[in-house]
Amino acid sequence: MYKPVFKKREFIVFRHFLRKGYSLFACLKREVLISVLSVATLSATKATGISDETWRVDSTKANKEVWLDDVAVTGSRAPLTKSQAARMVTVLSREDIAQAPVQSINDLLKYAVGVDVRQRGAIGSQTDISVRGGTQEQITILLNGINICDPQTAHNVLDLPMQLSEIVRIEVLEGPAGRVYGTSSLVGAINIVTVSEWNREGNSKNLDLNLEGGSFGYVKAGLVSAVSSSSSRHSLSGSYARSDGFSRAANGRLNTDVNSSKAFYQGSYDDEQVRLSWHLGLADKGWGSSTFYASPAWQADDQYQHTAKIFSAIQGENKRGAIHFQPAIYWNQNRDRYEGYRGKPDMMKYNYNRCDIYGLKLNSYFDWSAGRTAFGAELRNEDLVSGNLGEPLSQTHHISGTDRDYTLGVNRTNISAHLEHNILLNRLTLSAGFIAAKSSWSNMNMSIYPGIDASYRLDNRWKIFASYNSSLRLPSFTEMYYKLQGYAASPHLKPEEMRAIEAGIQYHSPALATKVTAYHHHGRDMIDWIMDTSLGDQAVWRSVNHTKINSIGMEASVSIDFKRLPHFRSPLSSLHCSYSYIDQDKDLEPNMVSQYALEYLKHKLVVNTQLDILHRLSLGLNFRWQDRTGTYTNFKGEVCDYRPFALLDARLNWTTERYILYAEANNLLDNRSYVDYGNVPQPGIWLTVGAKWRFSF
């Protein structure tokens with residue numbers, strides 16, 4: 001699933017050089033290795049502040065035949081080549097995305113072994129995403145390097161405006177990442193990159209059309225149009241999807257239906273002086289929430305939710321000068337309406353929320369004799385107005401389209417600054433730094449969270465790595481103020497804190513890649529919803545700070561590209577197998593049930609394989625087996641253990657230069673008994689057929 005894509009690049013040969021800032025190499029904005037044989041240049045796509053620069057050279061792989069990853073991705077503030085990077089990042093490439101039998105990013109992330117995807121609704125209607133035993137609130141989600149997390153709740157963070165075909169890659173960084181991605185990245189971060197390179201040789205126009213349909217009344221139509229020239233690129237997309245849903249409430253009405261509309265515009269400009277990129281996205285979605293938020297005390301089975309989101313950002317970078325400045329400014333808005341009883345506001349008033357997030361950030365770096373240093377800061381304001389969350393407002397705000405007002409709200413400003421230094425030796429890379437963070441909400445003092453990463457290249461194929469990192473997360477507004485049916489939040493929650501150590505070894509060759517990682521996480525003041533079941537009908541979920549959680553885990557993966565094995569003749573094209581294990585040692589008192597922190601994937605096994613059946617016909621099989629630790633209380637008041645389950649997905653592709661025809665089957669073995677989330681039913685087999693066309697002008 002994560003096999004690299006290899007491309008040959010043009011060779012550049014130099015026989016004399018200087019290590020001066022004004023030298024020819026610095027003007028080229030390239031790192032080169034002096035060699036009589038050759039030097040290969042690596043072309044990489046840039047995600048500001050996260051991924052590598054547009055031109056980089058991997059100086060550890062200068063052989064007669066040079067194999068380079070298509071994209072260089074780092075886990076540091078300063079851009080480094082992938083072989084130099086001290087911290088490992090999992091990458092889902094464009095090829096992986098195209099071959100996966102999925103209809104949403106939520107579904108795609110199920111195949112990342114370190115990611116826990118807890119699905120409530122199908123086709124991405126609602127999914128909780130977490131990493132390494134954490135909760136969905138403890139990771140940072142980024143769009144082209146911009147933090148798009150909603151401080152109200154993380155349940156809907158992946159209501160994104162783009163289509164799967166527009167994603168260049170998805171980067172997953174596991175473990176605390178405060179000094180790289182900022183606050184909220186307590187146990188990891190996921191960066192979704194849509195900014196791609198364009199044809200610099202001349203003008204081009206493309207139009208992509210996608211139509212698909214399937215089980216339970218599922219229909220989707222999408223369109224992507226792109227125009228590019230030698231210095232700029234613009235693309236505009238739109239899509240609509242709907243489904244009748246797969247289950248019904250007690251009143252006979254379908255209660256898992258979905259309607260979703262999206263629009264996304266992005267542009268970029270690149271010349272010898274600067275690089276600019278920007279995006280504007282809209283996402284509107286409504287879905288039947290079935291029993292998503294039901295509890296033994298409130299067994300509602302016909303809930304409904306609607307969200308509307310705006311995403312906007314402008315980013316830039318200078319390409320000349322001793323210091324590289326990478327500024328960004330962004331605004332995201334999240335609106336939602338929650339109906340405890342669908343279409344019946346007289347039984348329970350609808351919950352309305354609007355959250356505006358404004359941000360300004362700067363990342364900078366420069367090279368000097370001691371290495372590469374990065375520094376910067378971010379100012380982020382989070383403003384919520386609500387009908388049920390927060391403190392009373394001094395001035396109310398009207399809720400558009402209703403006869404009600406926003407009467408409550410919360411506002412906080414988060415300030416952070418980071419400093420990082422990278423030492424690049426022949427085989428050794430050291431990356432160390434810290435983030436200093438402060439929030440106006442809690443009147444917390446400026447707190448510092450350090451981290452250090454190290455990697456050593458044994459040779460061109462073997463690498464060992466180790467790291468220590470720390471981070472924090474502020475509580476969400478829902479964790480602080482939600483006090484409705486069956487829930488009682490606390491506004492006095494403290495920030496969560498995490499410290500972690502990690503070590504591993506990696507092997508990489510054209511045909512074989514393998515990695516083994518072990519880690520230990522120590523969290524304190526962890527936030528969770530717990531329930532005392534001994535209270536019977538009076539039991540409610542309460543948000544609290546737990547004292548400590550210790551997690552020990554390991555991950556292992558192996559990928560084989562059979563097409564690169566000499567003299568290998570078989571329909572089998574590739575095979576990827578990965579496994580993760582986690583153990584947490586925190587216990588609750590008798591009769592206490594946890595909603596999040598004590599429910600984690602103890603075991604997860606993922607196997608992906610691709611078969612080339614005919615010249616144009618290919619088959620992808622994706623298998624998942626997982627065993628979750630934890631319990632849930634069913635509607636009868638019985639405490640139930642989560643049971644292991646296995647799911648098999650498949651995708652059949654017929655591929656030509658102009659069009660692709662495909663058929664997908666999710667849950668191919670029609671497993672109807674598995675429980676991904678307590679008291680939330682899941683569909684059986686889901687069939688989808690579709691077609692994609694590309695028109696060039």
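- The 12-atom threshold is exceeded at CZ of R624, counting heavy atoms of other residues, nucleotides or ligands nearer than 6.0 Å.
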Item to check | side chain to side chain contact (heavy atoms under 4.5 Å, CB included) between F465 and T517, intermediate numbers included | outcome: CA-CA 9 Å; F465 53 90; T517 304; 3.6 Å; yes

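- With K602 as the partner, the salt bridge (Lys or Arg N to Asp or Glu O under 4.0 Å) test is satisfied by one option alone out of D583, D116, D627: D583.
- With contacts defined as side-chain heavy-atom distances shorter than 4.5 Å, the pair V680/F292 qualifies.
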Item to check | Chi angles and distances behind the side chain to side chain contact (heavy atoms under 4.5 Å, CB included) call for I139, V187 | outcome: CA-CA 6 Å; I139 66 171; V187 293; 3.6 Å; yes

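- Salt-bridge annotation for D641 and R643: absent, with no side-chain N of the basic residue lying under 4.0 Å from a carboxylate O of the acidic one.
- With respect to E497, the salt bridge (Lys or Arg N to Asp or Glu O under 4.0 Å) criterion is satisfied by exactly one of R524, R473, K548: R524.
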Next on the checklist: Under the criterion side chain to side chain contact (heavy atoms under 4.5 Å, CB included), I'd like the reasoning laid out for E95 against Q610: C-alpha separation, chi angles, the key distance, then a yes or no.
Outcome noted: CA-CA 11 Å; E95 183 183 17; Q610 285 289 131; over 6 Å; no

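- In this pair, Y519 and H521 present their aromatic rings tilted. The plane angle is within the 30 to 60° band.
- Each of D128, L158, V117 was compared with Q136 under the side chain to side chain contact (heavy atoms under 4.5 Å, CB included) criterion, and only D128 meets it.
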Next on the checklist: Run the salt bridge (Lys or Arg N to Asp or Glu O under 4.0 Å) test on E166 and K262 for me, step by step, so that the C-alpha distance in whole Å, both residues' side-chain angles and the decisive distance to 0.1 Å come before the verdict.
Outcome noted: CA-CA 12 Å; E166 296 180 89; K262 300 180 179 182; over 6 Å; no

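- The aromatic rings of Y487 and Y482 lie perpendicular to each other, with more than 60° between the two planes, well past the 30° mark.
- Geometrically, R118 engages Y642 in a cation-pi contact, judged by NZ or CZ lying under 6.0 Å from the ring centre and within 45° of the ring axis.
- Side chains of S673 and N671: a donor-acceptor N/O pair is present below 3.5 angstrom, by distance only.
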Item to check | Derivation and outcome, side chain to side chain donor-acceptor pair (under 3.5 Å), residues T307 and D159 | outcome: CA-CA 8 Å; T307 62; D159 292 349; 2.9 Å; yes

Checklist entry - Which is it for N667 and Y674 under the side chain to side chain contact (heavy atoms under 4.5 Å, CB included) test, yes or no, and what are the steps along the way? => result CA-CA 11 Å; N667 193 1; Y674 77 98; 3.9 Å; yes

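- For H155 and Y293, the ring centers sit closer than 6.0 Å to each other.
- For the pair S580 and V606, the minimum side-chain heavy-atom distance is 4.5 Å or more.
- Side-chain contact annotation: E212 with Y662, donor-acceptor N/O pair under 3.5 Å present.
- T127 and Q119 form no side-chain donor-acceptor contact under 3.5 Å, judged by distance and modelled atom types alone.
- Using a 4.5 Å heavy-atom cutoff, the side chains of D649 and E664 are not in contact.
- Residues S557 and H576 are in side-chain contact: their nearest non-hydrogen atoms beyond the backbone lie under 4.5 Å apart.
- Taking all atoms of both residues into account, the shortest heavy-atom contact from T478 to W529 is O-CZ2, 3.8 Å.
- The existence of a salt bridge linking D96 and R169 is excluded, since no basic side-chain nitrogen approaches an acidic carboxylate oxygen closer than 4.0 Å.
- Between Q305 and W287 there is a side-chain heavy-atom pair separated by less than 4.5 Å.
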